[in-house]
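A short worksheet on the structure shown next.
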Amino acid sequence: MTAPRQHPAPAACHGPQYQALDRLATLVSVIDAAGAIRFANNALEDAIGLSRRSLTGLALADWFSEPNLLQNAIQGAVSHEYAVIRYDARLQRLNNEPLPVHVVLAKSEHGGELVVELLPLEQQTRLEREQRLHEQAHANKELIRNLAHEIKNPLGGIRGAAQLLQLEPDARELAEYAQVIIHEADRLQALVDRLLAPHRRARVVDEVNIHEVCERVRALVLAEYPRGLRVRRDYDPSIPEFRGDREQLIQAVLNLVQNAAQALQARRAAGDAEIVLRTRALRQVTFGRQRYRLALELHVIDNGPGVPEAIKDRIFYPLVSGREGGCGLGLTLAQTIVQQHHGLIECDSVPGRTDFKLLIPLP
Ligand SMILES: Nc1ncnc2c1ncn2[C@@H]1O[C@H](COP(=O)(O)OP(=O)(O)O)[C@@H](O)[C@H]1O
Ligand SMILES: [Mg+2]
């Protein structure tokens, strides 16, 4: 009835009643009341990267990033507080990143044993994250437009009044202050114009070659940072051209690469700063709740210190900046431009490796 097993189970690992669990795609383990693994099905062996023979006898809780969650759940189940317990956790894998899972723990019919089911959450969290990004970008756009107009209107009046003040013969000693007002009003005006620019400019649609875009950006950034910075290319030549606004896309990629170069300040000084521009063609991908036959994936990867933890989940918001002198518009603008191309930008950052991934559907 059951398929032959790759790993003969040790005696402790119970007989045929558990072998059926090998047919499930869900990760399943049977543990004793102390939390020691008695059985791990094939799916769980594969996920962790160890055979069930090696897993048997180990504490299942130790395979989670948060061991105490399972320990508490086991206690709750054993002390008859709960029949079934569910919670989210991260499963540690041997040669892989932790896997977000939904854990379902239930008592088994067999004396004192517990059955632990792990349902991978990867899909779900990714969808939720994308949807959040999408909604956030939409809210940003509204906010920016309204705010910019609210600022723009009185600004004209302030500047005009300051100019009049400057011309006033009785107020010569105030002319310097008036000049400061004019200067600051101009600076604000420029900021507001930058805020409104991506929404106002008509899109120029052209055939875009993403590697041309990358090369332009690469040349610009190397001209700005001629020392201590290497910009490595890792291009997939099979990527077809697509219709889009080339200048806007250059701006979007430039914003990402400039951020990376800025974050690499210390490494540039040390001479080992590196940015990688990696392109790939992806087949059958889903993002923004749509499935695409083909999509472009462009990574901008740097070996800098990573996005500051405090602003990590807000970096795509306007006016959020983690650096001295930053105005926090670069990523907002880049995200807006890429979304106008039906794509999106995601960020994955840990100290030493920051990866901004830009996805755009291809024809
Ligand atoms: N590659 C990166 N490495 C580390 N931090 C980054 C990176 N890219 C962006 N950031 C952080 O995100 C913030 C927002 O970026 P951005 O929207 O371009 O605004 P600005 O560059 O004006 O600060 C930056 O100030 C920086 O703190
Ligand atoms: Mg920036």
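Start at 1 and go down the list; that is how both ligands and their atoms are numbered. Both backbone and side-chain heavy atoms feed into the values below; hydrogens, waters and symmetry mates do not.
- When atom types are taken as modelled, the side chain of D32 and the backbone of G35 share a donor-acceptor pair closer than 3.5 angstrom.
- Distances from the Mg ion (ligand 2) under 2.8 Å pick out these protein N/O/S atoms: N259 OD1.
- Enumerated by chain and number, the residues approaching ligand 1 to less than 4.0 Å through a heavy atom are N259, A260, A263, D302, G306, V307, P308, I311, I315, V320, S321, G322, R323, G326, C327, G328, L329, G330, L331, T354, F356.
- Y235 and E215 form a side-chain donor-acceptor contact under 3.5 Å, judged by distance and modelled atom types alone.
- The main-chain N or O of L298 is never found under 3.5 Å from a side-chain atom of T279 such that the two would form a donor-acceptor pair.
- Side chain of D302 to backbone of A260: no donor-acceptor contact under 3.5 angstrom is found.
- Under the 3.5 Å distance criterion, the side-chain polar atoms of T56 are matched with a main-chain donor or acceptor of R52.
- The CD atom of E117 sits 9.5 Å away from atom CG of N41, with the distance rounded to the nearest 0.5 Å.
- Between Q284 and R293, the side chains place no donor N or O within less than 3.5 Å of an acceptor N or O (distance only, hydrogens not considered).
- Using a distance-only test at 3.5 Å, with no hydrogens or angles considered, no donor-acceptor pair links the side chain of R90 to the main chain of V101.
- Partner of L277 under the side chain to side chain contact (heavy atoms under 4.5 Å, CB included) criterion, chosen from V213, V257, I301, V217: V257.
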